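On a predicted model such as this, the values are computed, not experimentally measured, just so you know. By convention in this document, chain letters (A, B, ...) are assigned in the order of the sequence lines, proteins followed by strands, and residues within each chain are numbered from 1.
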2 protein chains.
Amino acid sequence: MSPDDQRPIDAETALADSPAGHKDELRLWLRLLTTTTMVEAEIRRRLRVQFATTLPRFDLLAQLQRAGPLTLGEVSRRMMVSNGNVTGLAARLEAEGLIERRVNAADRREQSLRLTARGRREFARQSAAHEGWVAELFAGLGPADQAALHKLLGRAKASISAALREEAT
Amino acid sequence: MSPDDQRPIDAETALADSPAGHKDELRLWLRLLTTTTMVEAEIRRRLRVQFATTLPRFDLLAQLQRAGPLTLGEVSRRMMVSNGNVTGLAARLEAEGLIERRVNAADRREQSLRLTARGRREFARQSAAHEGWVAELFAGLGPADQAALHKLLGRAKASISAALREEAT
DNA sequence: GCCCGATAGTTTAGGCTTCAACCAAATCGG
DNA sequence: CCGATTTGGTTGAAGCCTAAACTATCGGGC
């Protein structure tokens, strides 16, 4: 650790040396992050200008479309966001008439969310466009590269999951 | 384009068929996104519990550490965020005594940001820990896989950049 | 029947982020 | 020199997001 590194690190040497040679992982992570950020920013931008919506709204609709009615908690887990977050998101989508809530009579704590007819219609339009955008952004990557990247990302996910489980011990 | 796709897509067929077979790209993108999200969430969490700070703050300090004094606009471009965002971020970091601002005498619109002594000290601690976390999360990925992933992400970035340039036409 | 712990959601406070409108300083063309 | 444009930065409104505290309901043990 020794956090007393007071050398006047200049721009050149900034990323050059390291205590344990973890620079490669760092470079990999930064590249992964910028790649994702670029795609995400473009998708957010297009959702806004073409459909006047946002990525979180789109994601929630996608969950309902794919999995049918879901409780707030299920949506929260699937989207990997806090439940408080889903509360607000669902409120906005409900106000826009894209989803509706229904309290579970058997367990009155639960309420399930489902798409309205209008929500299904809107999402179908957005979803088709979205799929095209993604294809367009990755069009420069050949099928073999795409497959290889998919596989390696799977291994990366496994590595990360393992590290997270380890930590939870 | 023809966004009038009105079929009542049900949950089963949701991801099953597609107009042009762009499902593979979509799957690739979703995997890329979740991988990044998992790492990012963990880094945010550790920054919060171990250093009571946030990822954007850390990123801004990193920019200054690596590149020396920068104007707000330069930071904005490097971090790929809006300039209004940097205004607030810099205000908080200045209030915490980690950075300081200095108006450029030659062009009084500009002001450069630089780390304070305390900022350098704090960032050195955080940075060392951060590097270790990233290495830990990717530890399950062998050097060959890491290198391959890095290369493929480079190609993906090139593809995305090309698509964005195309669009700007 | 009643308390107790667990679970589903909401609320609150605070930070991050964007866009669009704005202000101030610099630059450029005439 | 001076108006028009550009550039650097700030502000305001709105949405997203989290952690932590809270409310309501359910289930089980006694």
Side-chain angles (χ1 to χ4, degrees), chain A residues 33 36-38 40-61 63 69-96 98-99 101-113, chain B residues 33 36-38 40-61 63 69-96 98-99 101-113:
Chain A
L33 182 56
T36 300
T37 301
M38 287 171 69
E40 202 177 330
E42 181 65 7
I43 290 177
R44 285 179 192 271
R45 196 182 66 75
R46 296 191 189 190
L47 281 175
R48 180 172 51 79
V49 304
Q50 296 188 23
F51 296 108
T53 189
T54 66
L55 189 51
R57 278 165 157 95
F58 176 81
D59 283 344
L60 199 157
L61 296 183
Q63 294 299 331
L70 295 172
T71 66
L72 293 184
E74 286 166 342
V75 170
S76 161
R77 280 185 291 277
R78 282 164 172 268
M79 292 179 67
M80 299 195 288
V81 300
S82 69
N83 49 358
N85 189 353
V86 175
T87 294
L89 217 39
R92 283 184 287 271
L93 286 170
E94 188 184 21
E96 292 172 11
L98 300 179
I99 67 173
R101 13 179 22 124
R102 189 174 305 181
V103 174
N104 178 354
D107 183 341
R108 292 205 310 284
R109 291 172 304 182
E110 285 190 348
Q111 42 191 302
S112 63
L113 303 179
Chain B
L33 182 56
T36 300
T37 301
M38 286 171 70
E40 201 177 331
E42 181 65 9
I43 289 176
R44 285 180 192 272
R45 197 182 66 76
R46 295 193 189 189
L47 282 174
R48 179 171 52 79
V49 304
Q50 295 189 24
F51 296 109
T53 189
T54 67
L55 189 50
R57 279 164 156 96
F58 176 80
D59 284 344
L60 199 157
L61 296 184
Q63 293 299 332
L70 296 171
T71 67
L72 293 185
E74 286 166 341
V75 170
S76 161
R77 279 185 292 277
R78 283 164 171 268
M79 290 179 69
M80 299 194 288
V81 300
S82 69
N83 48 359
N85 190 350
V86 176
T87 295
L89 217 39
R92 283 185 286 272
L93 286 170
E94 188 185 21
E96 292 173 10
L98 299 180
I99 67 172
R101 12 176 26 119
R102 189 174 305 180
V103 174
N104 178 354
D107 182 342
R108 292 206 309 285
R109 291 172 305 180
E110 286 189 349
Q111 44 190 301
S112 64
L113 303 178

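For the pair Glu110(B) CD and dG9(D) P, the computed distance is 6 Å after rounding to whole Å. Separating the CG atom of Leu47(A) from the P atom of dC19(C) is a distance of 13 Å, rounded to the nearest angstrom. Residue Leu72(A) contributes atom CG, which lies 10 Å from atom C1' of dT10(C) at whole-angstrom precision. Distance, Phe51(B) CZ to dG15(C) C1': 20 Å, rounded to whole Å. The distance between atom CG of Leu89(A) and atom C1' of dC17(D), rounded to the nearest whole Å, is 10 Å. One can place CG of Asp107(A) at 12 Å from C1' of dA6(C), the figure rounded to the nearest angstrom. Distance Asn104(A) CG to dA24(D) C1': 15 Å, rounded to the nearest Å. What separates CG of Asn83(A) from C1' of dC22(D) is a distance of 12 Å, to the nearest Å.
Between Arg48(A) and the phosphate of dC19(C), there is a side-chain N or O to OP1/OP2 separation shorter than 4.0 Å. In this structure, Arg101(B) reaches the dT10(D) phosphate: one of its side-chain N or O atoms is under 4.0 Å from OP1 or OP2. The shortest distance between the side-chain N/O atoms of Thr54(B) and the OP1/OP2 oxygens of dC16(C) is below 4.0 Å. When the side-chain nitrogen and oxygen atoms of Arg57(A) are compared with OP1 and OP2 of dC16(D), one or more of them lie within a distance under 4.0 Å.
Contacts of Thr71(B) with the nucleic acid, taken as non-hydrogen atoms under 4.0 Å apart, involve only primed sugar atoms and P, OP1 or OP2. Using a 4.0 Å heavy-atom criterion, one finds that Gly73(B) contacts the sugar-phosphate atoms exclusively. Residue contacts for Asn85(B): at a heavy-atom cut-off of 4.0 Å it reaches a base atom on one of the strands shown. Arg44(B) comes within 4.0 angstrom of no nucleic acid atom, judged by non-hydrogen atoms across all strands. Contact annotation for Ser82(A): base contact, defined as any heavy-atom pair under 4.0 Å involving a base atom. Among the atoms of the strands shown, none is found under 4.0 Å from any heavy atom of Ala41(B).
Under a cut-off of 6.0 angstrom, the local environment of CZ in Arg102(A) is sparse, with at most 12 non-hydrogen atoms contributed by other residues, nucleotides or ligands.
Side-chain atoms of Asn83(A) and Leu72(A), non-hydrogen and from C-beta on, never get closer than 4.5 Å to each other.
In terms of position on DNA chain D, the residue among Val86(A) and Ala105(A) whose nearest nucleotide sits closer to the 5' end is Val86(A).
Shortest non-hydrogen contact noted between Leu113(A) and Val75(A) is CD1-CG2, 4.4 Å.
Put simply, the side chain of Arg109(A) and the base of dT7(C) share a donor and an acceptor less than 3.5 Å apart.
A salt bridge does not link Arg77(B) with Glu74(B): every distance from a Lys NZ or Arg NE/NH1/NH2 to an Asp or Glu carboxylate oxygen is 4.0 Å or more.
No donor-acceptor pair under 3.5 Å is formed between the side chain of Thr71(A) and the backbone N or O of Gln111(A).
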